[in-house]
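Both backbone and side-chain heavy atoms feed into the values below; hydrogens, waters and symmetry mates do not. Residue indices begin at 1 and follow the sequence shown.
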Amino acid sequence: MRPSRLDLCIEIPLPNKLTREEYFINKNVPNDLLNDLVKATDGMSLADLKEIFVKVYLLNYPLESVINKVKSPIKKKNYLTSNKSSLGF
């Protein structure tokens with residue numbers, strides 16, 4: 001790798017309960033849904049919180065299905081260890 005490509009590595013921990021709560025308050029999530037949403041997003045990153053907010057509150061997707069989708073991402077096939085002799089042909 002070329003010099004100065006990655007000068008600094010910063011670990012950003014997963015948001016705790018207070019951080020998740022403040023995030024959703026800042027996004028104007030209704031108070032009656034706030035506690036359930038904070039509890040359901042335990043262990044998720046800020047990127048996950050953003051995805052959940054956008055899909056549920058802007059695109060009107062059902063909360064439960066969005067949470068399940070975020071918790072279990074799509075499994076990708078490893079084409080390098082596949083039994084096929086060619087890659088996609």
Side-chain angles (χ1 to χ4, degrees):
M1 186 178 295
R2 292 189 338 231
S4 299
R5 293 295 273 176
L6 298 174
D7 291 339
L8 185 62
C9 180
I10 300 173
E11 180 179 350
I12 300 173
L14 294 175
N16 62 23
K17 181 180 178 181
L18 179 61
T19 303
R20 294 190 316 273
E21 185 175 33
E22 288 295 323
Y23 177 85
F24 289 122
I25 288 172
N26 188 43
K27 297 294 185 186
N28 295 319
V29 170
N31 285 334
D32 58 332
L33 301 175
L34 187 62
N35 287 334
D36 291 337
L37 197 53
V38 169
K39 191 182 295 183
T41 55
D42 187 29
M44 295 186 183
S45 68
L46 286 173
D48 293 335
L49 300 184
K50 177 188 172 196
E51 181 176 351
I52 291 167
F53 173 76
V54 168
K55 287 184 177 177
V56 172
Y57 293 100
L58 301 181
L59 300 176
N60 207 24
Y61 285 26
L63 175 61
E64 187 175 329
S65 67
V66 173
I67 294 287
N68 290 336
K69 187 84 163 178
V70 170
K71 285 186 175 181
S72 59
I74 299 171
K75 294 178 182 171
K76 297 179 182 176
K77 183 175 180 179
N78 186 348
Y79 290 99
L80 297 177
T81 60
S82 177
N83 292 334
K84 292 184 178 182
S85 60
S86 64
L87 298 175
F89 299 102

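- Residue I52 belongs to a hydrophobic cluster whose other members are Y23, F24, I25, V29, L33, L34, L37, V38, M44, L46, L49, F53, V54, V56, Y57, L58, L59, Y61, L63, V66, I67, V70, with links defined by side-chain heavy atoms closer than 4.5 Å.
- With N68 contributing its side chain and S65 its backbone, the two residues share no donor-acceptor pair below 3.5 Å.
- Between P15 and S45 the shortest heavy-atom distance is CD-CA, 4.1 Å.
- Distance check, rounded to the nearest 0.5 Å: CD1 of I12 to CG of L14 gives 10.5 Å.
- Between N16 and T19, the side chains place a donor N or O and an acceptor N or O closer than 3.5 Å (distance only, hydrogens not considered).
- Under 4.0 Å is where a charged nitrogen must lie from a carboxylate oxygen, and between R20 and D42 at least one such pair does.
- Ion pairing between a basic and an acidic side chain is recognised when a charged N comes within 4.0 Å of a carboxylate O; E21 and K17 show no such pairing.
- More than 12 heavy atoms of other residues, nucleotides or ligands lie within 6.0 Å of CG in D32, so this atom counts as buried by the packing criterion.
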